[in-house]
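Note sheet for the following structure.
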Amino acid sequence: MNSSRPIDVPDAFAASYGENGGASARAWIAALPGLAADFLDRWSLRLDGAAAHGMASLVLPVTRADGTPAVLKLQQVTEDNINAAPGLRVWNGDGVVHLLDHDPGTGTMLLERLDEARPLSAVAEDTAAVQILAELLARLVSVPAPAGFRQLADIAAAMLDEAPRAVPMLHDPAERQLVRTCASAVSELIGEPGDRLLHWDLHYDNILAGQREPWLAIDPEPLAGDPGFELLPAMHNRWAEVVATGDVTGAVLRRFDQLTEVLDLDRQRATGWTLGRVLQNALWDIEDGKTALDPAQVTIATALLNRQGQGHHRD
């Protein structure tokens, strides 16, 4: 239907994705225009604007045969996104973008169109933005994960296995100790990894304004586990604003308390799994050759540990 019109792959996306992903990524980029044309034909879609992209996907605004606006999302199938479409099917639009069609072989998805010009990060007042995110997250994690999804238990076990080898790469002894402390927190919780369907990457820019609902989540990387593992991206959002408050610890704890209150989480467990998320990011950074931790994550972990040390948590 549309194969006569070539699809423009943005240069910045082609360059960054090809550079980071190696030969298979470059081959996928080269094949993208043909892949897009195939799905425009197969699903009777008409292009409806310029291509947009994230870190790992090309998104084309389209119109369906019945006139409904939608987006065609093209991405390489990876371990992180392989459960995205099954997860969206389980949630079935409840707090999250609707999946309209999916091709498992290529990872291509047809999704409800949201307003990408209005992410939650556009809501200036932080307490209001955290509340919106927390209420969406509470809906998402109310759903038990079906069989077959990646398990937090397995991810946590792999982190504990990797941590002793990674820690010596950090230059600062205090940071090495912090990573050990995070690993210790995970080892205490690994026997109760949880069974909820997690989004795994819910921050302000992964929530867009919609028509069906005021706000809807996008881009899940579904995982079965404890909702406490979901909090760090929200706590790390708009970090410059946290610093600008002049009371960074207070601002961090206010966000944590608001999230755990709305989600009705045990704060001690949520602290442990948030430290697990700090551990995960630390291990990824070390794997990328970094020898220091992200300062914001150090601050978040330290704030939670200091308060936990004072015994202030919900039983």
Side-chain angles (χ1 to χ4, degrees), residues 1-10 13 28-29 31-78 80-123 132-133 135-137 139-140 142-143 146 197 199-222:
M1 176 176 166
N2 285 285
S3 50
S4 58
R5 179 178 168 186
I7 310 304
D8 293 321
V9 178
F13 176 61
W28 181 77
I29 289 285
L32 250 185
L35 184 68
D38 285 349
F39 279 97
L40 290 171
D41 280 349
R42 188 190 303 189
W43 289 338
S44 302
L45 306 172
R46 183 170 49 79
L47 276 175
D48 189 29
H53 63 89
M55 296 289 288
S57 61
L58 184 71
V59 178
L60 302 173
V62 295
T63 306
R64 302 180 84 184
D66 64 1
T68 308
V71 294
L72 183 65
K73 181 175 182 178
L74 301 136
Q75 60 192 358
Q76 264 193 303
V77 178
T78 67
D80 287 340
N81 68 33
I82 196 164
N83 285 326
L88 289 172
R89 283 218 172 89
V90 171
W91 283 311
N92 194 28
D94 188 359
V96 71
V97 65
H98 255 312
L99 179 70
L100 306 174
D101 213 333
H102 174 232
D103 179 63
T106 62
T108 305
M109 293 193 279
L110 187 66
L111 298 161
E112 169 185 18
R113 194 189 305 179
L114 305 178
D115 188 351
E116 47 91 24
R118 286 181 58 218
L120 184 56
S121 51
V123 172
I132 290 164
L133 183 148
E135 289 174 0
L136 282 179
L137 190 53
R139 290 163 66 185
L140 297 179
S142 70
V143 177
L197 187 56
H199 181 288
W200 201 4
D201 193 25
L202 198 64
H203 52 76
Y204 291 170
D205 288 327
N206 272 347
I207 297 173
L208 299 180
Q211 292 187 317
R212 186 168 58 82
E213 289 197 33
W215 300 99
L216 291 163
I218 63 166
D219 287 353
E221 296 176 3

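Keep in mind that what you see is a predicted model, and the values were worked out from it rather than measured.
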Looking at Leu88, Leu72, Leu100, which hits side chain to side chain contact (heavy atoms under 4.5 Å, CB included) with Leu111? Leu88
Pro146 side chain near Val90 side chain, heavy-atom distance below 4.5 Å: yes
Using a distance-only test with no angle check, is there a side-chain donor-acceptor pair under 3.5 angstrom linking Thr78 and Asp80? no
Those residues at least two apart in sequence (or on a different chain) that pass salt bridge (charged side-chain N to carboxylate O under 4.0 Å, His left out) with Glu135 are none
How many angstroms lie between CZ in Arg139 and CG in Asp94, if you round to the nearest 0.5 Å? 4.5 Å
Could you tell me if the side chain of Gln75 sits less than 4.5 Å from the side chain of Met109, heavy atoms only? yes
Nearest-0.5 Å distance that lies between atom CG in Asn206 and atom NE2 in His199: 5.0 Å
When every non-hydrogen atom of Ala217 is compared with those of Leu202, the smallest separation belongs to CB-CD1, 3.7 Å
Would you mind reporting whether Trp43 and Thr108 have side-chain heavy atoms less than 4.5 Å apart? yes
Nearest atoms (heavy-atom pairs only) where Pro10 meets Leu58: CD-CD1, 3.4 Å
Do you know the tightest heavy-atom contact between Pro119 and Asp205? CB-OD1, 3.6 Å
Side-chain donor/acceptor of Asp103 to backbone N/O of Thr106, under 3.5 Å: yes
Can you list the residues that meet the side-chain contact (heavy atoms from CB on, under 4.5 Å) rule with Ala209, with sequence neighbours excluded? Asp115, Arg118, Trp215
Do Pro33 and Val9 make a side-chain contact, defined as non-hydrogen atoms from C-beta onward lying under 4.5 Å apart? yes
Ion pair present between Asp48 and Arg64, side-chain N to carboxylate O less than 4.0 angstrom? no
Rounded to the nearest 0.5 Å, what's the gap from OG on Ser121 to CG on Leu208? Could you check? 9.0 Å
Nearest-0.5 Å distance that lies between atom NZ in Lys73 and atom CD1 in Ile218: 6.5 Å
Does atom CD of Glu116 have more than 12 heavy-atom neighbours from other groups under 6.0 Å away? no
Does any non-hydrogen side-chain atom of Arg89 lie less than 4.5 Å from one of His102? yes
CD1 on Ile29 to CZ on Phe13, rounded to 0.5 Å: 4.5 Å
Do Leu197 and Trp91 have side chains that approach each other closer than 4.5 Å (heavy atoms only, starting at C-beta)? yes
Please examine the side chains of Ile7 and Leu40, heavy atoms only from C-beta on, and report whether any two atoms are closer than 4.5 Å. yes
Give me the atom names and distance for the closest heavy-atom approach of Glu213 to Gly93. OE2-O, 4.0 Å
Kindly determine whether Leu133 and Tyr204 satisfy side-chain contact (heavy atoms from CB on, under 4.5 Å), including the steps that lead there. CA-CA 7 Å; Leu133 183 148; Tyr204 291 170; 3.9 Å; yes
Taking all heavy atoms of Gly107 and all of Val77, pick out the closest pair and write down the distance. N-CG2, 3.5 Å
As an exercise, state the distance from CD1 of Ile207 to CG of Leu216, rounded to the nearest 0.5 Å. 9.5 Å
Evaluate the side-chain proximity of Thr68 to Thr63: yes if any heavy-atom separation is below 4.5 Å, no if none is. no
Count the heavy atoms belonging to other residues, nucleotides or ligands that lie under 6.0 Å from CG of Leu35, then report whether that count exceeds 12. yes
For Gly87 and Pro222, which heavy atoms make the closest approach, and how far apart are they? CA-CG, 4.0 Å
